[in-house]
Asks: 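Please find one structure pasted underneath; my questions will follow.
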Amino acid sequence: MTIGLTHFLVLGAALFCLGLFCALSKRNLIAILMGIELMLNAVNVNLIAFNKFVAPGSFEGQVFSIFIIAVAAAEVAVGLALVISIYRDRTTSSAEELNWLKL
């Protein structure tokens, strides 16, 4: 049995669905960030798979994946800095208790 494009797409869809579920169902800010990271990794899997099976001689999929990894690293750095700052100020990392900016 050879692994084809469909297998990678199913893996990417499963990872994206797990990440979306994690991001929407969790209350902890760290868990929400982890869900977003899972969704970005699902996109990376799909980009690499499409590059391998659709245009094997080019490197666009790898370049976009590296760009997404860089964006994800920056997102995690900023997100963790915000979570740590909020935790120091409010002593909680629950997303439901972050309602002080509401009118």
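All values below were derived from every heavy atom in this structure, side-chain atoms included, with hydrogens, water molecules and symmetry-related copies excluded. All of these numbers come straight from a predicted model, not from anything done at the bench.
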Asks: Taking CD1 in Ile3 as the centre, count heavy atoms belonging to other residues, nucleotides or ligands within less than 6.0 Å. Is the count above 12?
Replies: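 At most 12 heavy atoms, drawn from other residues, nucleotides or ligands, come within 6.0 Å of this atom.
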Asks: Looking only at non-hydrogen atoms, find the nearest pair between Leu98 and Ile86 and report the distance.
Replies: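 Reported closest heavy-atom pair: CD2-CG2, 3.4 Å.
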Asks: If every non-hydrogen atom of Cys22 is compared with every non-hydrogen atom of Ala31, which pair is closest and at what distance?
Replies: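 Taking every non-hydrogen atom into account, SG-O, 3.4 Å.
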Asks: Evaluate the side-chain contact (heavy atoms from CB on, under 4.5 Å) criterion for residues Leu47 and Gln62: first the C-alpha distance (whole Å), next the side-chain angles of each, then the deciding distance (0.1 Å), finally the verdict.
Replies: CA-CA 7 Å; Leu47 282 173; Gln62 285 93 348; over 6 Å; no
Asks: Does the Ser85 side chain pair with the main chain of Ala81, one donor and one acceptor, at a distance under 3.5 Å?
Replies: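 No, the answer is negative, given that no donor and acceptor are paired below the 3.5 Å cut-off.
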Asks: Answer with yes or no whether the hydrophobic clustering places Val10 together with Phe53; edges join I, L, V, M, F, W, Y residues whose side-chain heavy atoms lie under 4.5 Å apart.
Replies: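 Different clusters: Val10 never reaches Phe53 through Ile, Leu, Val, Met, Phe, Trp or Tyr contacts under 4.5 Å.
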Asks: Mind listing the closest non-hydrogen atom pair of Ala49 and Phe8 along with its distance?
Replies: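 Smallest interatomic distance, heavy atoms only, reads CB-CB, 3.4 Å.
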Asks: Could you report the tightest heavy-atom contact between Val83 and Ile30, atom names first, then the distance?
Replies: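 In this case the closest contact between Val83 and Ile30 is CG1-CD1, 3.7 Å.
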Asks: Which of these, Leu9, Leu11, Asn41, sits in a side-chain contact (heavy atoms from CB on, under 4.5 Å) with Asn46?
Replies: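 Filter result, single survivor: Leu9.
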Asks: Before giving the answer on side-chain contact (heavy atoms from CB on, under 4.5 Å), spell out for Glu75 and Leu33 the whole-Å C-alpha distance, their side-chain angles and the decisive distance to 0.1 Å.
Replies: CA-CA 9 Å; Glu75 174 244 334; Leu33 282 174; 3.1 Å; yes
Asks: Quick check against the 3.5 Å criterion: does Thr91 have a side-chain atom that pairs as donor or acceptor with the backbone of Tyr87?
Replies: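 The answer is no, because no donor-acceptor pair under 3.5 Å joins these two groups.
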Asks: When you compare the side chains of Asn51 and Ser58, does any donor N or O come within less than 3.5 Å of an acceptor on the partner?
Replies: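 Result is yes, a qualifying pair exists.
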Asks: With the 4.5 Å side-chain cut-off for hydrophobic clustering, are Met34 and Val45 part of the same group?
Replies: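 Hydrophobic grouping puts Met34 apart from Val45.
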Asks: Same hydrophobic cluster for Leu20 and Val43, using side-chain heavy-atom links shorter than 4.5 Å among ILVMFWY?
Replies: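 Yes, one cluster joins them.
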Asks: Is there a path of hydrophobic side-chain contacts, each under 4.5 Å between heavy atoms of I/L/V/M/F/W/Y residues, joining Met39 to Leu29?
Replies: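 Per the 4.5 Å side-chain linkage, Leu29 and Met39 are co-clustered.
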Asks: How far apart are the closest heavy atoms of Ser65 and Asn44, and which atoms are they?
Replies: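 That closest heavy-atom pairing would be CA-OD1, 3.4 Å.
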Asks: Would you name the heavy atoms of Leu40 and Ala72 that are closest together and state the gap between them?
Replies: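 Heavy-atom minimum between the residues: CD1-CB, 3.6 Å.
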Asks: Can you hop from Val76 to Ile32 via hydrophobic side chains spaced under 4.5 Å?
Replies: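 Yes, it is one cluster - the side chains of Val76 and Ile32 are joined through contacts under 4.5 Å.
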